[in-house]
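The chains referred to below are lettered A, B, ... by the order of the sequence lines, with proteins before strands, and numbering in each begins at 1.
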Amino acid sequence: MTKIKRTLVTTALPYANGPVHIGHLAGVYVPADIYVRYLRLKGEDVLLIGGSDEHGVPITLKARNEGITPQDVVDKYHSIIKQSFADFGISFDVYSRTSSKTHYETASEFFKSLYDKGEFLEKESQQYYDEEAGQFLADRYITGTCPHCHKDGAYGDQCESCGTSLNATDLLHPRSTISGSTPVQRTTKHWYLPLDKHEAFLRQWILEEHKEWKPNVYGQCKSWIDLGLQPRAVSRDLDWGVPVPVEGAEGKVLYVWFDAPIGYISATRELTPDWEKYWKDPETRLLHFIGKDNIVFHCIVFPSMLKAEGTYNLPDNVPANEFLNLEGDKISTSRNWAVWLHEYLLDFKDKQDVLRYVLTANAPETKDNDFTWKDFQARNNNELVAIFGNFVNRSVVLTQKYYNGVVPQPDELQDFDRETLEGIGVFAQKTQEALDQFKFREAVKEAMNLARLGNKYLADTEPWKLIKTDAARVETIMYVALQITANLAILMEPFLPFAAEKLRKMLNMGQVDWKLCGQKQVLQTGHSIGEAELLFQKIEDSEIQAQLDKLQASKKANEAAARTANPAKENISFDEFSKMDIRTGTILEAEKVAKTKKLLKLKIDTGLDQRTVVSGIAEFFEPETIVGRQVSILVNLAPRNIKGIESQGMILMAEDADGRLDFVAPQSPVKNGSEVR
RNA sequence: GCCGAGGUAGCUCAGCUGGUUAGAGCGCAUGAUUCAUAAUCAUGAGGUCGGCGGUUCAAGCCCGCCUCUCGGUACCA
């Protein structure tokens with residue numbers, strides 16, 4: 001086992017096409033920040049790396065839609081994100097961006113290094129090219145008719161109507177969304193990272209040597225490796241990104257997934273000339289904090305890149321979190337179903353620690369979790385205010401009242417005093433053990449337990465009563481209570497840095513010294529503390545209601561948007577319409593197609609014949625309930641084999657805004673085989 | 001369908017290599033208390049550990065089947 005001298009912590013680079021929300025925070029930035037603050041307090045050599053991920057097609061699309069440049073888009077979001085992180089207290093050593101000059105150089109060098117070593121495959125393929133715009137088209141820039149469901153408006157990579165992932169070259173009637181022209185296929189060359197060649201290594205490295213990774217991470221890796229790894233293109237034909245640094249690669253950039261993780265390296269390089277020490281010295285430990293959507297990149301793809309390059313360390317652990325939901329629904333940027341960090345910071349001024357606490361105490365460590373405003377309020381009022389803030393306030397107020405703020409001289413300790421002082425060490429120890437294992441939820445709970453210990457100590461000793469009868473005893477009691485208070489000022493620092501600092505100021509403690517954490521004497525007798533000040537404020541119902549109203553408003557806006565029907569397709573002639581032969585028919589039999597989720601095999605009496613149709617409606621209808629129903633069926637659609645069944649025709653369905661399907665059929669019984677027109 | 005992760009008190013979660021009456025916090029009830037932002041402290045109620053079957057002296061934990069949730073993947077004429 002190599003001795004660890006330093007730690008490099010990376011946090012997933014937020015994509016610069018929108019601000020940061022609580023899901024990002026809970027999954028990545030809050031735990032990473034807690035961990036790094038903890039290591040720093042222990043005096044360890046550690047760096048926290050972050051930055052904005054600014055390349056990729058979605059950003060170019062957003063720029064085009066808004067009539068601005070991609071650089072404008074990323075400039076806008078990069079500054080919002082960077083500022084909100086800073087205000088929130090995520091203690092990055094560097095927060096960079098992938099549009100920086102250093103990153104272009106680093107990513108180019110990295111590519112060049114793998115290229116020179118022959119680690120890439122070169123492959124030519126057919127891609128669509130827009131002759132009017134003079135450029136190759138990314139999949140998202142092409143729309144056309146889906147070859148599966150025959151709906152218009154499918155994208156080159158996916159049909160949003162039926163959900164199928166596509167190759168752009170499969171689309172019928174493709175159109176460029178840039179110029180509207182019909183693109184032509186051209187041959188283009190790309191480089192591929194042969195992940196399949198690294199499979200044996202990955203199997204050994206992850207499945208054998210990293211059994212200690214979190215179950216969700218380990219399991220997902222195993223799933224992917226067992227599924228078989230494919231070569232992955234590392235370049236694309238696009239003009240936004242890091243140019244591929246080889247001859248004859250004009251108009252090609254590095255694929256965003258390839259350049260983004262290299263952003264960690266670039267950022268480190270911007271930070272320190274010693275960057276190689278953090279990336280290549282085997283005595284450095286590399287940790288990636290990410291969300292579960294990023295597991296494949298950080299456990300399979302990026303390590304393969306690093307391994308192929310040959311001089312870099314591989315990650316030691318990848319403590320990926322699950323997802324956070326919001327009030328029962330999935331967080332969504334496009335649907336504006338989120339609590340945005342920059343808005344939170346305005347709505348809840350100086351309450352960074354409240355959000356940090358709630359997201360830590362309710363972190364999605366082992367499974368998806370739900371954030372609710374009611375829980376947010378309860379945790380603030382019942383835990384931060386009532387347990388932690390209240391205990392601190394009690395001990396400081398009493399000290400002011402009895403001793404003018406001077407830490408008293410303890411008299412002889414009783415057993416209960418000794419047990420309580422021992423308890424400080426126990427909770428400090430438990431907190432640290434949990435932090436060492438990335439169990440942040442448990443860690444913050446143990447830290448809170450120290451405050452509970454304080455409340456219990458005061459309740460049991462009742463100094464406000466003894467002050468009248470046994471003043472000497474009260475000196476001991478207040479001494480002990482103050483040691484707990486001072487310990488809290490240290491122990492809470494990783495979790496609640498703002499409150500911890502305020503508390504240290506209140507106690508006139510000066511700099512945090514983690515070595516004192518868990519000690520029985522942190523404040524010396526005779527030391528003067530300041531006036532009591534509330535660490536946390538109660539949050540009123542009205543504030544919570546305002547947030548709920550805000551969410552309700554975006555829900556309404558979404559519903560309104562969903563009600564807007566898609567624009568009409570271009571006109572066709574009557575002849576074109578009459579080519580379609582639609583008839584009424586009756587479902588005679590229906591059964592689920594084995595091993596599928598959506599498919600029903602239907603037998604239809606079309607009035608002409610009885611035929612079999614496979615239809616993707618199983619999610620909405622039980623087979624037995626639709627037998628006997630009349631339907632409309634397109635009878636002259638070319639037959640197609642689906643899951644080994646010849647499907648002869650297509651049942652017409654209407655799709656509701658939420659994706660629900662319903663039959664399009666006559667209102668009253670009509671003879672089977674009647675023409676629909 | 002296949003792969004992965006989950007399903008433990010009303011809510012959020014712990015439960016080590018299977019071992020005595022299954023735990024914590026919040027919420028709830030009762031009592032104590034007033035230094036404190038009606039905060040705190042104590043006590044209590046509440047669980048057929050998703051379901052069925054099996055292995056075992058013993059299963060929340062192991063095995064098989066089923067079921068629900070989340071993610072990935074296949075299917076959608």
Within residues 529-542 of chain A, find the residues that approach RNA chain B with a heavy atom at under 4.0 Å, and present them sorted by residue number.
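Here the set is A:Leu534, A:Leu535, A:Phe536, A:Lys538.
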List the residues meeting side chain to side chain contact (heavy atoms under 4.5 Å, CB included) with [X], not counting sequence neighbours, and say none if there are none.
{"X": "A:Ala665", "result": "none"}
{"X": "A:Asn294", "result": "A:Ala12, A:Ile290, A:Phe297, A:His298"}
{"X": "A:Lys468", "result": "none"}

Please list, chain by chain and in numerical order, all residues satisfying side-chain hydrogen bond (donor to acceptor under 3.5 Å, both in side chains) with [X], sequence neighbours excluded.
{"X": "A:Glu446", "result": "A:Asn449"}
{"X": "A:Asp370", "result": "none"}
{"X": "A:Asp581", "result": "A:Arg583"}

Contacts satisfying ring-ring contact (aromatic ring centres under 6.0 Å, His included) that involve residues 451-471 of chain A (not counting sequence neighbours) are A:Phe416-A:Tyr457
Non-neighbouring partners of A:Glu422 that pass salt bridge (Lys or Arg N to Asp or Glu O under 4.0 Å), sequence neighbours left out
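Residues passing salt bridge (Lys or Arg N to Asp or Glu O under 4.0 Å) with A:Glu422: A:Lys520.
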Classify the nucleic acid contact of A:Val385 as base, sugar-phosphate or nothing, counting any heavy atom under 4.0 Å across all strands shown.
base
Go through RNA chain B and write down every stem, that is, every run of at least three consecutive Watson-Crick or G-U wobble pairs with distances under 3.5 Å, as range with range.
B:1-7 with B:67-73, B:10-13 with B:23-26, B:28-32 with B:40-44, B:50-54 with B:62-66
Can you give me the N/O atom pairs linking the protein to nucleotides 4-9 of chain B at distances under 3.5 Å, or say none if there are none?
residue	atom	partner	partner atom	Å
B:rG4	O2'	A:Gln220	N	3.4

Return the polar atom pairs (N/O with N/O) between nucleotides 30-33 of chain B and the protein under 3.5 Å, or none.
none

Does a nitrogen or oxygen in the side chain of A:Asn455 sit under 4.0 Å from OP1 or OP2 of B:rA39?
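Indeed not, no polar side-chain atom of A:Asn455 lies that close.
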